[in-house]
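Notes follow the structure.
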Amino acid sequence: MTNDDDDIRLMSITNRPLESFLHSKSESELLEGTKVEIELLIPGFCTMEVRIPKVSSIPTLKTFLVEHANENLLRHDEHPAKVAKAWLVLAMFGNDDMYDIPLEVEAVELKVQLERMKSMFGLTARLKDGEPHVTWNEKCRFALVIFSVVRISKVPSSNSVSSGSEKMSADLDATENDTDPSSRADQVPYTFVLEERPSAPATLLENTLRSTHLRAWDFVTGEALASKLPIVFSFADDPRDRRAFMMVSRSAQECQQFNAPGEGDILGMGENAIVHRVQLSLTQSDGSHRDEHWTRVNVGLENDKSTDIQSNNKLEGDRDSSQEGDWDAAVKRPFSLGKMLVFLQNSSEAGLAKRLRLANLLNSDKRVLYFYGLGLGLSTNAYNQNQYKFELMLLAKYEEDFSTYTMRCFMEEYMSVQSSVKNNDQWLSIHKMQSEFSISSVKVFLVSLLNAFRDLTLMGVQAFDFNHLNNVLVSRDYQSVRLIDIDGNSQGSIDYPSLESTLANSNMSPRQPKIEKPCLDVDLNILLPSVIEQLILGKGRGRSFVSNTRSEIWQAKEEKGKSIIRTIIMENFYYGLGGHKTEGEQNSQVQKHVIKVAEWFYALLKKKSPWTNWTHDIYDAMRCIDHLPIS
């Protein structure tokens with residue numbers, strides 16, 4: 001083949017005129033077929049043409065593209081830096097650019113990534129040295145979404161190092177290269193500035209991002225979704241400034257508009273994160289999911305492309321039948337980079353959420369929150385709305401029956417003194433709840449709570465944070481609960497280190513130690529007894545009454561303490577049934593039942609036999625609640 005033929009081939013591959021008659025090493029590799037030229041988008045910055053190895057593993061490719069971004073972009077910034085935490089997302093020319101797959105195991109398991117790449121884009125993989133190697137092509141479009149960077153001391157000079165200080169700085173950078181930037185403590189959020197003219201369309205934001213819609217991917221199937229409306233969240237440099245995280249803009253093809261806080265469908269806010277409600281739908285390969293709310297971008301579609309609604313890789317029975325391809329999601333956004341990085345860890349909330357979703361068949365009673373997957377969103381500084389950054393978020397299923405009604409709210413309403421409630425609608429709601437909540441309702445509620453803890457154990461979770469009541473949602477009929485904020489205290493899945501260490505130590509000790517049975521690590525010693533005391537003693541009486549009555553029972557002699565309990569149970573749950581006007585047989589039945597409940601509660605309260613160890617683990621607690629007498 002002549003040099004002219006090579007030149008023609010090279011121009012057809014790169015779609016650019018040749019700058020020289022001599023071929024560079026990279027151009028020769030393109031001609032030899034060992035490299036391909038792809039498009040790399042750095043959202044918020046620019047798009048670059050990059051020549052990558054035609055066959056490589058996903059980690060190798062990501063490292064290559066990160067180094068390319070470092071060398072050609074970030075090190076030349078006003079504040080030189082290198083990529084720390086980033087995600088690599090793959091799309092393909094000929095398909096809508098939102099029809100994509102994240103090449104990150106945090107979002108989708110590697111096996112699913114490979115299956116999706118083959119079914120969506122026709123990319124194949126083969127094992128090499130025990131690791132899947134994918135054959136890429138020139139239609140691949142990659143986006144490197146940067147979340148954090150590590151600042152470097154200087155922009156290295158293109159000339160040789162000439163001074164001692166420059167040599168010392170270069171040596172320092174070389175040492176830093178040995179450390180994984182994504183695990184370094186000095187990484188900072190990656191922000192970029194796009195200053196728009198107030199009276200003009202937001203062309204800069206539109207053209208450098210393709211879209212401001214929230215993106216998300218299913219944990220199990222890898223399907224790609226996008227919010228039905230554009231959405232840009234807000235943030236503040238100080239994570240304690242919670243109000244600054246409450247604003248949302250839904251502007252499309254124009255400058256972002258942030259109005260009063262609270263318009264972002266806020267479901268709740270905790271110590272570490274804020275939760276919004278967002279509706280999403282599946283993206284389609286031909287772009288037919290786009291409507292007037294989507295930004296006008298060149299998505300690189302082929303006109304004859306057939307519609308694909310991402311039916312690939314769906315698992316029978318996994319997707320809720322009510323979804324119909326759409327998500328109505330509770331979107332949890334951490335307040336800071338540090339909190340985001342922690343919650344992404346395999347042993348923390350996002351990692352355990354994926355585990356729970358993969359084990360969803362063990363959640364048939366839906367006592368544990370149903371997690372969809374991870375999402376990728378854009379936010380802007382509440383005090384400088386030209387400054388943007390990307391965030392990773394956790395998406396769970398939103399349910400109207402539970403919504404934002406936490407166990408804390410329920411307990412407050414349950415113990416509310418009706419005479420102190422001024423709002424008439426609220427009074428009617430509390431009156432109805434308290435009048436209908438029986439001893440049987442108490443048992444149903446507690447059984448649902450403990451069964452939810454047991455479901456976590458079945459799904460392989462080691463711990464649950466039960467130090468406050470905001471991690472539990474209550475249904476509007478007060479009969480079931482749902483556990484949220486599954487972070488496992490960063491302990492991850494169940495293992496048996498205590499058992500192994502006990503056995504190892506037993507060989508060194510003359511006395512045979514008692515081996516503790518493995519169980520869910522949840523604190524039942526403080527909050528659970530308090531909840532039961534409030535449910536039995538505190539209906540409509542207030543928190544102070546519960547505290548004072550508990551002290552009175554504790555200090556009284558046994559018969560006196562049981563008498564106090566019987567009186568309160570009669571007043572709380574059988575008002576009007578135990579008096580002298582009640583028929584004899586019914587009165588006798590009520591009295592017998594109240595005596596049994598009082599005996600049970602007194603033994604529980606003072607941890608007397610048979611309930612001396614009822615807070616030891618969830619199985620002892622379940623056995624105790626099972627024996628709560630009901631009429």
Side-chain angles (χ1 to χ4, degrees), residues 362-368 407 410-411 414 437-467 469 471-472 474-475 478-483 486 488 494 496 498-499 502 513-539 546 550 553-554 558 561-562 565-566 568-569 572-573 592-631:
L362 296 172
N363 190 30
S364 57
D365 293 315
K366 303 187 187 314
R367 286 185 283 256
V368 179
M407 191 170 169
F410 163 71
M411 296 304 299
Y414 182 84
F437 210 88
S438 64
I439 284 289
S440 296
S441 301
V442 171
K443 185 168 185 175
V444 168
F445 182 83
L446 292 173
V447 166
S448 178
L449 177 64
L450 291 172
N451 279 337
F453 292 156
R454 182 173 180 271
D455 287 349
L456 282 183
T457 306
L458 289 175
M459 300 168 83
V461 176
Q462 183 168 341
F464 178 73
D465 180 10
F466 194 50
N467 292 322
L469 299 179
N471 284 348
V472 182
V474 177
S475 63
Y478 318 113
Q479 293 184 3
S480 59
V481 303
R482 186 146 302 168
L483 303 184
I486 312 294
I494 287 179
Y496 304 98
S498 59
L499 180 60
T502 302
K514 181 181 178 181
I515 300 176
E516 294 291 337
K517 295 178 181 178
C519 60
L520 181 75
D521 184 3
V522 56
D523 186 1
L524 304 177
N525 291 300
I526 299 175
L527 209 51
L528 185 59
S530 176
V531 167
I532 296 175
E533 292 164 12
Q534 292 169 7
L535 289 173
I536 297 295
L537 304 175
K539 186 168 75 168
V546 175
R550 183 188 187 281
I553 295 171
W554 193 266
E558 183 170 337
K562 292 178 180 179
I565 295 171
R566 289 194 296 270
I568 294 174
I569 291 175
N572 286 352
F573 299 100
K592 288 179 180 179
H593 174 66
V594 169
I595 290 172
K596 292 179 181 179
V597 176
E599 293 284 344
W600 173 87
F601 182 71
Y602 186 83
L604 175 147
L605 180 68
K606 305 202 74 171
K607 289 193 173 182
K608 289 181 172 292
S609 179
W611 311 127
T612 53
N613 295 317
W614 75 274
T615 59
H616 178 68
D617 62 31
I618 60 170
Y619 300 101
D620 288 331
M622 290 173 74
R623 187 178 298 109
C624 178
I625 301 304
D626 285 347
H627 287 81
L628 166 59
I630 58 174
S631 55

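Keep in mind that this is a model prediction, so the values were computed, not measured. One is the number of the first residue; the rest follow in order along the sequence. Excluded from the calculations below are hydrogen atoms, water molecules and symmetry mates; all remaining heavy atoms, backbone and side chain alike, are included.
- Remark: side-chain polar atoms of Ser480 are not paired, donor with acceptor, to backbone N or O of Ser475 under 3.5 angstrom.
- Pairing each heavy atom of Leu527 with each of Phe466, the nearest pair is CD2-O, 3.0 Å.
- The main-chain N or O of Leu524 is never found under 3.5 Å from a side-chain atom of Thr615 such that the two would form a donor-acceptor pair.
- Note that the CH2 atom of Trp614 and the CD1 atom of Ile532 stand 3.5 Å from one another [nearest 0.5 Å].
- Partners of Lys606 by side-chain hydrogen bond (donor to acceptor under 3.5 Å, both in side chains), not counting sequence neighbours: none found.
- Put simply, the side chain of Leu528 reaches to within 4.5 Å of the side chain of Leu450, judged on heavy atoms.
- Residues forming a side-chain hydrogen bond (donor to acceptor under 3.5 Å, both in side chains) with Ser441 (at least two apart in sequence, or on another chain): Ser438.
- Judged as a side-chain contact (heavy atoms from CB on, under 4.5 Å), and not counting sequence neighbours, the contacts of Ser530 are Gln534.
- Atoms CD1 and CG, on Ile625 and Leu446 in that order, are 4.5 Å from each other to the nearest 0.5 Å.
- Checking side-chain atoms of Lys443 against main-chain N and O of Leu628 turns up a donor-acceptor pair under 3.5 Å.
- Remark: Asn613 pairs with His616 by the side-chain contact (heavy atoms from CB on, under 4.5 Å) rule, at least two apart or across chains.
- Listed by chain and residue number, nothing satisfies the side-chain hydrogen bond (donor to acceptor under 3.5 Å, both in side chains) test with Gln479 (two or more places apart in sequence, or in another chain).
- For the pair Asp365 (side chain) and Arg367 (backbone), a donor-acceptor distance under 3.5 Å is absent.
- A pairwise comparison of heavy atoms in Arg454 and Ile618 identifies CA-CD1, 3.7 Å as the closest pair.
- Remark: Asp620 pairs with Arg623 by the salt bridge (charged side-chain N to carboxylate O under 4.0 Å, His left out) rule, at least two apart or across chains.
- The minimum heavy-atom distance linking Val481 with Ala452 is given by the pair CG2-CB, 4.2 Å.
- Listed by chain and number, the residues in a side-chain hydrogen bond (donor to acceptor under 3.5 Å, both in side chains) with Arg550 are Glu533 (sequence neighbours excluded).
- Side chain of Asp455 to main chain of Val368: no donor-acceptor pair is present (N/O by atom type, distance under 3.5 Å, no hydrogens or angles).
- In terms of heavy-atom proximity, Ala598 sits nearest to Ile569 at N-CD1, 4.1 Å.
- Evaluation of the ring pair (Phe, Tyr, Trp, His ring centres under 6.0 Å) rule for Phe601 yields no partner, not counting sequence neighbours.
- By the ring pair (Phe, Tyr, Trp, His ring centres under 6.0 Å) test, Phe437 is found to be paired with Phe410, Tyr414, residues two or more places apart in sequence or in another chain being considered.
- In this structure, the separation between CZ on Phe453 and CG on Leu458 is 14.0 Å, given to the nearest 0.5 Å.
- At a threshold of 4.5 Å between non-hydrogen side-chain atoms, the residues Val597 and Phe573 do not count as touching.
- We find the CG-CG distance between Asp521 and Asp617 to be 11.0 Å, quoted to the nearest 0.5 Å.
- Annotation: ring pair (Phe, Tyr, Trp, His ring centres under 6.0 Å) contacts of Tyr602 (sequence neighbours excluded): none.
- Annotation: side-chain contact (heavy atoms from CB on, under 4.5 Å) contacts of Lys592 (sequence neighbours excluded): Ser588.
- Val474 has its side chain within reach of Phe445: a pair of non-hydrogen atoms, C-beta onward, lies under 4.5 Å apart.
- Of the options Leu535, Val444, Ile536, a side-chain contact (heavy atoms from CB on, under 4.5 Å) to Ile439 is made by Ile536 and by none of the others.
- Met407 contributes atom CE, which lies 10.0 Å from atom CG of Leu483 (distance to the nearest 0.5 angstrom).
- Scanning for side-chain contact (heavy atoms from CB on, under 4.5 Å) contacts around Ile526 gives Asp523, with sequence neighbours left out.
- Here the closest non-hydrogen pair linking Trp611 and Ala603 is CD1-CB, 3.7 Å.
- Side-chain contact check for Asn451 versus Met622: some heavy-atom pair is nearer than 4.5 Å.
- Minimum heavy-atom separation, Val546 to Gly538: CG2-CA, 3.4 Å.
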